[in-house]
Number of protein chains: 2
Amino acid sequence: MKISHTPFDTIFYSIEETIKAYRKLSLKEIKNAISDITVDQALILQMINDKQLTQTEIADLIFKDYASMTRIIGLMVKKNYLIKTTNENDRRASVLKTSPKGELALKQLIPIINQNRETALNNLTIEDINNLKHILNKINQNCKK
Amino acid sequence: MKISHTPFDTIFYSIEETIKAYRKLSLKEIKNAISDITVDQALILQMINDKQLTQTEIADLIFKDYASMTRIIGLMVKKNYLIKTTNENDRRASVLKTSPKGELALKQLIPIINQNRETALNNLTIEDINNLKHILNKINQNCKK
DNA sequence: TAATAATACTTGATATATCAAGCAAAACTA
DNA sequence: TAGTTTTGCTTGATATATCAAGTATTATTA
């Protein structure tokens, strides 16, 4: 198979471009509602609210380094969106909970997050989405071999 | 259209996952050859070698902030991969050139970069790629409206 | 059970991302 | 042509990414 080799023709360029455009849109809308929260922080808030998770679990789920996770969580605690305590059954692990402020923020954020997704996926068909997911998954597998 | 709303079912999750996997693969292979160069730095080296570009132009092409570009270029100059001078026709602008060390590095890097792309796209058809590009482009447009 | 290994983070150092503010040169305009 | 705006880039501050090294705590193993 012949594949383009100039940087700007590669599919990776398109992928980067798209994800950056989506992140930009999301950040704008989120900041518009709550100025001191980022896209990832909103996602983390949502994850912790849905299910009790450790930092390590969150990091694995959203492809972040554990060190970054420590710092992001630290900031979210400092801004009072999260409450962090130690797990008494395993004193290495921390227990993360959304604070009242965090829950309130989340109530505002969820419709915004959903709206962002709708906006980004406007005019796409179910086939488009499934296709996209399928092809990306192939690439993902290739990269991990 | 009904679209999934749980974070891990969304297509954006797949996109992030894929681009991170690809970046990880690329970085590993690049570092293996030249330990002090990153994926973006390799790309920048390639761009500058192909065509004379200003920092601003490079930043726009690879979706980077101008401030980041100043710092990345600064490091590449410091590591002696690039030579930076001022453009005498427009003293605001800088002229960037690959140094001999940069050119040598690039010679090593180009086959690696190409190989990474081949690896990542293994078993994909031309249709897959075109499809992917087309769908991503739709999302990209939606995000920019 | 003592030594070792693994786990769940944390910290330091450096690079990059992002926003805001600033600077000098160039372009534009009244 | 003087004043204003734009352009190309830089710097500062803060957040995040990444790698390496370190600290408790828990689990394993000889």
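Residue numbers begin at 1 in each chain, while the letters A, B, ... track the order of the sequences.
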**Student:** So, using side chain to side chain contact (heavy atoms under 4.5 Å, CB included) as the criterion, who are the partners of A/D65 when residues are at least two apart?
**Tutor:**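 Checked A/D65 against side chain to side chain contact (heavy atoms under 4.5 Å, CB included); matches are A/A67, A/S68.
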
**Student:** Would you confirm whether A/T86, through its side chain, and A/S94, through its main-chain N or O, come within 3.5 Å as a donor-acceptor pair?
**Tutor:**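 Checked: no pair found.
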
**Student:** Which residues in residues 14-22 of chain B have at least one heavy atom lying under 4.0 Å from any atom of DNA chain C?
**Tutor:**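 Those residues whose heavy atoms fall under 4.0 Å from DNA chain C, taken from residues 14-22 of chain B, amount to none.
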
**Student:** Mind checking what makes ring-ring contact (aromatic ring centres under 6.0 Å, His included) contact with B/Y13, not counting sequence neighbours?
**Tutor:**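 With neighbours one apart ignored, the set is A/F63, B/F8.
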
**Student:** Mind running a 4.0 Å heavy-atom check of residues 35-44 of chain B against DNA chain D and sending the residues that fall below it, in number order?
**Tutor:**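 When residues 35-44 of chain B is checked for heavy atoms under 4.0 Å from DNA chain D, there are no hits whatsoever.
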
**Student:** Under 4.0 Å, heavy atom to any atom of DNA chain D: which of residues 59-76 of chain A qualify?
**Tutor:**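 A/K64, A/D65, A/A67, A/S68, A/R71, A/I72, A/L75, in order of number.
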
**Student:** Rounded to the nearest 0.5 Å, how far does CD1 of B/I112 lie from OG1 of B/T119?
**Tutor:**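 B/T119 OG1 to B/I112 CD1: 11.5 Å, rounded to 0.5 Å.
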
**Student:** May I have all residue pairs that pass ring pair (Phe, Tyr, Trp, His ring centres under 6.0 Å) and include part of residues 125-145 of chain B, sequence neighbours excluded?
**Tutor:**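 Sorted result for residues 125-145 of chain B: empty, none.
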
**Student:** Using the C1' atoms of the five pairs at each end, what is the angle between the end axes of the helix from C/dT1-D/dA30 to C/dA30-D/dT1, to 10°?
**Tutor:**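 End-to-end axis angle for the helix from C/dT1-D/dA30 to C/dA30-D/dT1: 10°, rounded to 10°.
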
**Student:** Measure the spacing between CG of B/L132 and CD1 of A/I135 and express it to the nearest 0.5 Å.
**Tutor:**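 Answer rounded to 0.5 Å: 5.0 Å.
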
**Student:** With a cut-off of 6.0 Å (strictly less than), are more than 12 heavy atoms of other residues, nucleotides or ligands near NZ of A/K84?
**Tutor:**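 Correct, the count exceeds 12.
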
**Student:** Dump the intermediate steps for side chain to side chain contact (heavy atoms under 4.5 Å, CB included) on A/T38 and A/I72, then the final yes or no.
**Tutor:** CA-CA 10 Å; A/T38 67; A/I72 294 171; over 6 Å; no

**Student:** Is there a donor-acceptor pair under 3.5 Å between the side chain of B/S14 and the backbone N or O of A/K133?
**Tutor:**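 No, because the side chain of B/S14 does not come within donor-acceptor range (under 3.5 Å) of the backbone of A/K133.
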
**Student:** Nearest 0.5 angstrom please: A/N140 CG to B/T18 OG1, how far?
**Tutor:**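 Rounded to the nearest 0.5 Å, the CG-OG1 separation comes out at 4.5 Å.
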
**Student:** Excluding sequence neighbours, so at least two apart, what forms side chain to side chain contact (heavy atoms under 4.5 Å, CB included) with B/L104?
**Tutor:**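 Result, side chain to side chain contact (heavy atoms under 4.5 Å, CB included) vs B/L104: none returned.
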
**Student:** Name the residue closer to the 5' end of DNA chain D, choosing between B/T54 and B/K24 according to the nucleotide with the nearest heavy atom.
**Tutor:**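 Result of the comparison: B/T54.
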
**Student:** Going through the distances and angles, do A/I15 and A/L136 end up as a side chain to side chain contact (heavy atoms under 4.5 Å, CB included)?
**Tutor:** CA-CA 10 Å; A/I15 299 177; A/L136 288 172; 4.1 Å; yes

**Student:** Tell me whether A/K101 contacts the main-chain N or O of A/K79 through its side chain, where contact means a donor paired with an acceptor under 3.5 Å.
**Tutor:**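 Present.
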
**Student:** Using modelled atom types only, decide if a donor and an acceptor are shared between the side chain of A/N87 and the backbone of A/A93 within a distance under 3.5 Å.
**Tutor:**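 Checked: no pair found.
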
**Student:** Give the first and the last nucleotide of DNA chain D, reading 5' to 3', that has any atom under 4.0 Å from a heavy atom of chain A.
**Tutor:**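 Range of nucleotides within reach of chain A: D/dA15 to D/dT26.
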
**Student:** Please collect all side chain to side chain donor-acceptor pair (under 3.5 Å) contacts where either partner lies in residues 21-32 of chain A, sequence neighbours excluded, each pair once.
**Tutor:**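 Qualifying pairs: A/R23-A/D40, A/R23-B/E16.
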
**Student:** Nearest 0.5 Å, what's the CD1-CD1 distance between B/I62 and B/I58?
**Tutor:**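 B/I62 atom CD1 to B/I58 atom CD1 measures 7.0 Å (nearest 0.5 Å).
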
**Student:** At a heavy-atom distance below 4.0 Å, what parts of residues 78-94 of chain A sit against DNA chain D?
**Tutor:**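 Of all residues in residues 78-94 of chain A, the ones placing a heavy atom under 4.0 Å from DNA chain D are A/D90, A/R91, A/R92.
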
**Student:** Could you note down all residue pairs passing salt bridge (charged side-chain N to carboxylate O under 4.0 Å, His left out) where residues 134-144 of chain B supplies at least one of them, sequence neighbours left out?
**Tutor:**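 The answer is A/E17-B/K144, A/D128-B/K138.
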
